Amino acid sequence: MYSEKVMDHFNNPRNVGEIENASGVGTVGNAKCGDIMRMYLDIDDNETITEAKFKTFGCGAAVATSSMATELVKGKTVKEALEVTNKAVMEALDGLPPVKVHCSLLAEEAIHAALWDYSQKNNIEIEGLEKPVTDIGEKEEAPEEEY
Ligand code: FES
């Protein structure tokens, strides 16, 4: 049911941990399942993400998507990182079962939350970035009946 890539990132998650004095930190949860993800980003003067780490207290798909999300945003500019959507993360993982799609939203929103934190701290505006929610359950796209 899970792709090999999902299993790999679940069993050997990349970039687990924290960044001290990170440029941006974002925490997002889903009150419905109780899962929480925290994303740390280090961003240099050229607005390039030099380091990304995460801590996820959540299901296997949440761990795998956060692991892949950190891999995808590393080396990207802040603007490019906005293109790392939950769809992009899922594609990179060769898909997720439909009932687990919402878990990947946590990864997307955690990136946005960390970027938002960075933009607020530095008083800059990141075009296309909206204020993230702290509870992803509020904007979940996956139909509820699938739970
Ligand atoms: Fe909550 Fe996967 S079940 S994030």
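All ligand and atom numbering here is 1-based and tracks the order in the structure. Everything numeric here is computed off the predicted structure, so don't read it as measured data. Heavy-atom basis, side chains included; hydrogens, waters and symmetry copies ignored.
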Cys59 backbone or side-chain N/O/S under 2.8 Å from atom 1 (Fe) of ligand 1: no
Can Ile43 and Thr50 be said to form a side-chain contact (heavy atoms from CB on, under 4.5 Å), step by step? CA-CA 6 Å; Ile43 299 167; Thr50 53; over 6 Å; no
Run the numbers for me: atoms of ligand 1, each under 4.0 Å from some heavy atom of Cys33, listed by number. 1 (Fe), 3 (S), 4 (S)
We want to know whether Thr70 and Asn15 form a side-chain donor-acceptor pair, criterion being a heavy-atom distance below 3.5 angstrom. yes
Closer than 4.0 Å to some heavy atom of Cys103 - which atoms of ligand 1 meet that? 2 (Fe), 3 (S), 4 (S)
Could you check whether Arg14 pairs with Asp8 (Lys NZ or Arg NE/NH1/NH2 to Asp/Glu carboxylate O, under 4.0 Å)? yes
Below 2.8 Å, any N, O or S contact between His102 and atom 2 (Fe) of ligand 1? no
Using a 4.0 Å heavy-atom threshold (strictly under), name the region of Lys100 that reaches ligand 1: side chain, backbone, both or neither. side chain
Have a look at Asp35 and say which of its N, O or S atoms is nearest atom 1 (Fe) of ligand 1. OD2
For Lys55, is there an ion pair with Glu18 - N to carboxylate O distance below 4.0 angstrom? yes
Between the side chains of Thr56 and Ser66, is a donor N or O closer than 3.5 angstrom to an acceptor N or O? yes
